[in-house]
Colleague: 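This is the structure, below, for whatever I ask next.
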Amino acid sequence: MNTPISVQDADSLLLEFDDNSLLPLLFGSHNAHLAQIEQRLDVSLNSRGNEVVISGAKEQAATAATVLNDLYQLLKDGRPVDPAEIDGAIRMISGGARDDLKAEDVAVHTRKKHIQPRTPLQANYLRAIDKDNLVFGLGPAGTGKTYLAVAKAVESLINGQVDRIILSRPAVEAGEQLGFLPGDMRDKVDPYLRPLYDALNDMLPANQVAKKIETGEIEIAPLAFMRGRTLSGAFVILDEAQNTTPVQMKMFLTRLGADARMVVTGDLTQIDLPRGVRSGLADALAVLTGVEGVSFVEFTDADVVRHALVARIVRAYDRQAATDKDRA
């Protein structure tokens, strides 16, 4: 049942909640969750019993009411509410995407997590992955482009939509030095693939991750291992794709086989290739834009869902890059 909202006067809204036991979780310790909403939306929230009075500008007050209503519904569904969830709700609703926030066709379900988009572009990204066989997710760190792709891959494997997951990254920094690193080939390349392991462990119990890697249902390998293969019935993710060359990118994309999906992620501001070598991700953006069955989703600093400081760091570097370009 949705929380009733009634207009109290021109400058405030009144919300009433029907389950008092959930209110401490909704309001947060010492009303910290209410304070977060107040700060983000420039409204005043006053709780009394099972009611909250929202005061402020009409549009902002309505947004705060919708945020509280949707977070309350999450609690009723048995899902936790934390500062990140609150931030995501505010982003989605402020971006005019409330329906995306609640739609089960956009949310991702894995063994350990129920994951909802926290920005409108994240919702578009998840929809693109459902719709197209090849999706490119571009943008700065912290926008969820790799995390959401791994979540969709795990969901697809659990639901039997694919037979296996293949996760890959180029080991650019290793270059010709791999042979000098200690251990076997897996020991040499694992440091470059660690972020993919971390994402998997967030979606599945550790013992299941280990078992699926052992049986081949999940394969994590450097890009060079993709050459000569046809990847059928698989959900394939290429991470850090800005560090591929055009030849490597073409090689990877042409591995796509029957009943397979590919997601390619990368950040064109973080290219580690030698000077003068064109990025395969930039090349693919130029070559494949407009091709049927291929989607490009370009995230910005507004989609950063890590610590708020990360978004400010990204914006600062973007400003510096723009300044340097103007001086050149």
Side-chain angles (χ1 to χ4, degrees), residues 103-117 122-138 144-170 186 189 193-241 244 248-266 281 284 288 291-297:
E104 288 301 313
D105 64 324
V106 178
V108 183
H109 305 268
T110 68
R111 294 275 160 78
K112 291 178 69 175
K113 283 196 171 185
H114 174 96
I115 301 158
Q116 295 188 123
Q122 284 193 349
N124 291 344
Y125 183 52
L126 292 173
R127 282 209 179 94
I129 293 173
D130 284 333
K131 179 175 69 77
D132 292 317
N133 292 105
L134 175 58
V135 176
F136 289 81
L138 301 91
K145 55 190 184 294
T146 301
Y147 188 83
L148 291 174
V150 173
K152 287 298 291 184
V154 170
E155 181 186 57
S156 298
L157 183 64
I158 292 171
N159 293 341
Q161 296 168 302
V162 296
D163 300 323
R164 55 188 171 144
I165 296 171
I166 299 174
L167 308 176
S168 185
R169 285 181 125 196
R186 179 168 178 173
V189 301
L193 305 172
R194 178 50 52 189
L196 300 176
Y197 285 103
D198 291 342
L200 281 173
N201 285 317
D202 225 18
M203 311 296 169
L204 292 168
N207 63 327
Q208 290 190 24
V209 172
K211 182 178 179 181
K212 291 181 184 301
I213 290 175
E214 184 179 342
T215 62
E217 289 181 90
I218 295 176
E219 179 182 349
I220 306 177
L223 178 60
F225 287 25
M226 299 297 108
R227 188 173 299 278
R229 302 176 62 182
T230 300
L231 307 176
S232 302
F235 196 118
V236 190
I237 298 172
L238 175 60
D239 191 32
E240 297 289 337
T244 63
Q248 289 173 326
M249 178 63 77
K250 182 180 178 182
M251 177 275 292
F252 177 78
L253 296 179
T254 54
R255 301 307 94 200
L256 186 68
D259 301 318
R261 291 186 174 275
M262 277 188 174
V263 178
V264 178
T265 67
L281 182 58
L288 299 177
V291 173
E292 184 179 354
V294 180
S295 287
F296 290 87
V297 179

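The chain is numbered in sequence order, starting from 1.
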Colleague: Using a 4.5 Å cut-off on heavy atoms from C-beta on, say whether the side chain of Ser156 contacts that of Arg261.
Modeller: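 Arg261 vs Ser156: side chains apart.
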Colleague: Report yes or no: does Ser168 contribute a side-chain atom to a donor-acceptor pair with the main-chain N or O of Ala221 at less than 3.5 Å?
Modeller: yes
Colleague: Do Asp163 and Ser232 have side-chain heavy atoms sitting under 4.5 Å apart?
Modeller: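 No, their side chains stay 4.5 Å or more apart.
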Colleague: Any salt bridge between Asp239 and Lys145, counting N to O under 4.0 Å?
Modeller: no
Colleague: Any chance CG of Asp259 has more than 12 other-residue heavy atoms, nucleotides or ligands included, within less than 6.0 Å?
Modeller: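 It does not: Asp259 CG has 12 such atoms or fewer within range.
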Colleague: Is the shortest heavy-atom distance from the side chain of Val236 to the side chain of Leu256 under 4.5 Å?
Modeller: no
Colleague: Is Tyr125 reaching over with its side chain to a backbone N or O of Val297, donor-acceptor style, under 3.5 angstrom?
Modeller: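 Checked: no pair found.
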Colleague: Would you please test Glu240 and Thr146 for side chain to side chain contact (heavy atoms under 4.5 Å, CB included) and show each step?
Modeller: CA-CA 9 Å; Glu240 297 289 337; Thr146 301; over 6 Å; no
Colleague: Is it true that a side-chain atom of Thr265 and a backbone atom of Gly137 form a donor plus acceptor pair closer than 3.5 Å?
Modeller: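 No, Thr265 side chain to Gly137 backbone: no donor-acceptor pair under 3.5 Å.
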Colleague: Relative to each other, are the rings of Phe136 and Phe296 parallel, tilted or perpendicular (30° and 60° limits)?
Modeller: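 The arrangement is parallel - the two ring planes meet at less than 30°.
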Colleague: Check the pair Leu134, Val291 against side chain to side chain contact (heavy atoms under 4.5 Å, CB included), reporting the backbone distance first and the verdict last.
Modeller: CA-CA 10 Å; Leu134 175 58; Val291 173; over 6 Å; no
Colleague: Would you say Thr244 and Val264 make side-chain contact, with heavy atoms under 4.5 Å?
Modeller: no
Colleague: Does atom NZ of Lys211 have more than 12 heavy-atom neighbours from other groups under 6.0 Å away?
Modeller: no
Colleague: Taking Lys112 for its side chain and Asn201 for its backbone only, find out whether a donor-acceptor pair lies under 3.5 Å.
Modeller: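 Here the side-chain-to-backbone pair exists.
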Colleague: Please check if the side chain of Glu155 supplies one atom and the backbone of His109 the other of a donor-acceptor pair under 3.5 Å.
Modeller: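 Looks like yes, one N/O pair under 3.5 Å.
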Colleague: Side chain to side chain contact (heavy atoms under 4.5 Å, CB included), that's the test. Do Met226 and Leu238 meet it? Break it down for me.
Modeller: CA-CA 10 Å; Met226 299 297 108; Leu238 175 60; over 6 Å; no
Colleague: At their closest point, which heavy atom of His114 faces which heavy atom of Gln116, and how far apart are they?
Modeller: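 Minimum heavy-atom contact is NE2-CG, 3.6 Å.
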Colleague: What's the shortest heavy-atom distance between Thr230 and Gly257, and which atoms?
Modeller: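 Answer, listing the atom of Thr230 first, then Gly257: CG2-CA, 4.0 Å.
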Colleague: Is any side-chain heavy atom of Leu253 less than 4.5 Å from a side-chain heavy atom of Leu288?
Modeller: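 The answer is yes; the side chains approach within 4.5 Å.
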Colleague: About how many Å separate CZ of Arg227 and OG1 of Thr254, when rounded to the nearest 0.5 Å?
Modeller: 9.0 Å
Colleague: What heavy-atom pair brings Ile115 and Ala151 nearest, and what distance separates the two atoms?
Modeller: CD1-CB, 3.7 Å
Colleague: Is there a donor-acceptor pair closer than 3.5 Å between any side-chain N or O of Asn133 and the backbone N or O of Met262?
Modeller: no
Colleague: Grab the two heavy atoms, one from Ile129 and one from Ala149, that are nearest each other, plus how far apart they are.
Modeller: CD1-CA, 4.4 Å
Colleague: Could you tell me if the side chain of Leu200 sits less than 4.5 Å from the side chain of Val150, heavy atoms only?
Modeller: yes
Colleague: To the nearest 0.5 angstrom, please state how far the CG atom of Leu148 sits from the CG atom of Leu126.
Modeller: 5.0 Å
Colleague: Does any N or O in the side chain of Arg164 come within less than 3.5 Å of the main-chain N or O of Ala234, such that one atom is a donor and the other an acceptor?
Modeller: no
Colleague: Does any N or O in the side chain of Arg111 come within less than 3.5 Å of the main-chain N or O of Pro205, such that one atom is a donor and the other an acceptor?
Modeller: no
Colleague: Measuring from atom NZ of Lys152 to atom CD1 of Ile237, what distance do you get when rounded to the nearest 0.5 angstrom?
Modeller: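 If we round to the nearest 0.5 Å, Lys152:NZ and Ile237:CD1 are 11.5 Å apart.
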Colleague: Dump the intermediate steps for side chain to side chain contact (heavy atoms under 4.5 Å, CB included) on Ile158 and Leu204, then the final yes or no.
Modeller: CA-CA 10 Å; Ile158 292 171; Leu204 292 168; 4.1 Å; yes
Colleague: What are the two closest non-hydrogen atoms of Ser295 and Lys131, and how far apart are they?
Modeller: OG-NZ, 3.9 Å
Colleague: Which heavy-atom pair separates Tyr147 from Met203 by the least distance, and what is that distance?
Modeller: CZ-CE, 3.4 Å
Colleague: With a 4.5 Å heavy-atom cut-off, do Lys212 and Leu157 have their side chains touching?
Modeller: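 Side-chain contact under 4.5 Å: yes.
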Colleague: I want to check something: taking the side chain as every heavy atom from C-beta on, are Leu167 and Tyr197 in contact at a cut-off of under 4.5 Å?
Modeller: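 A side-chain contact under 4.5 Å is absent here.
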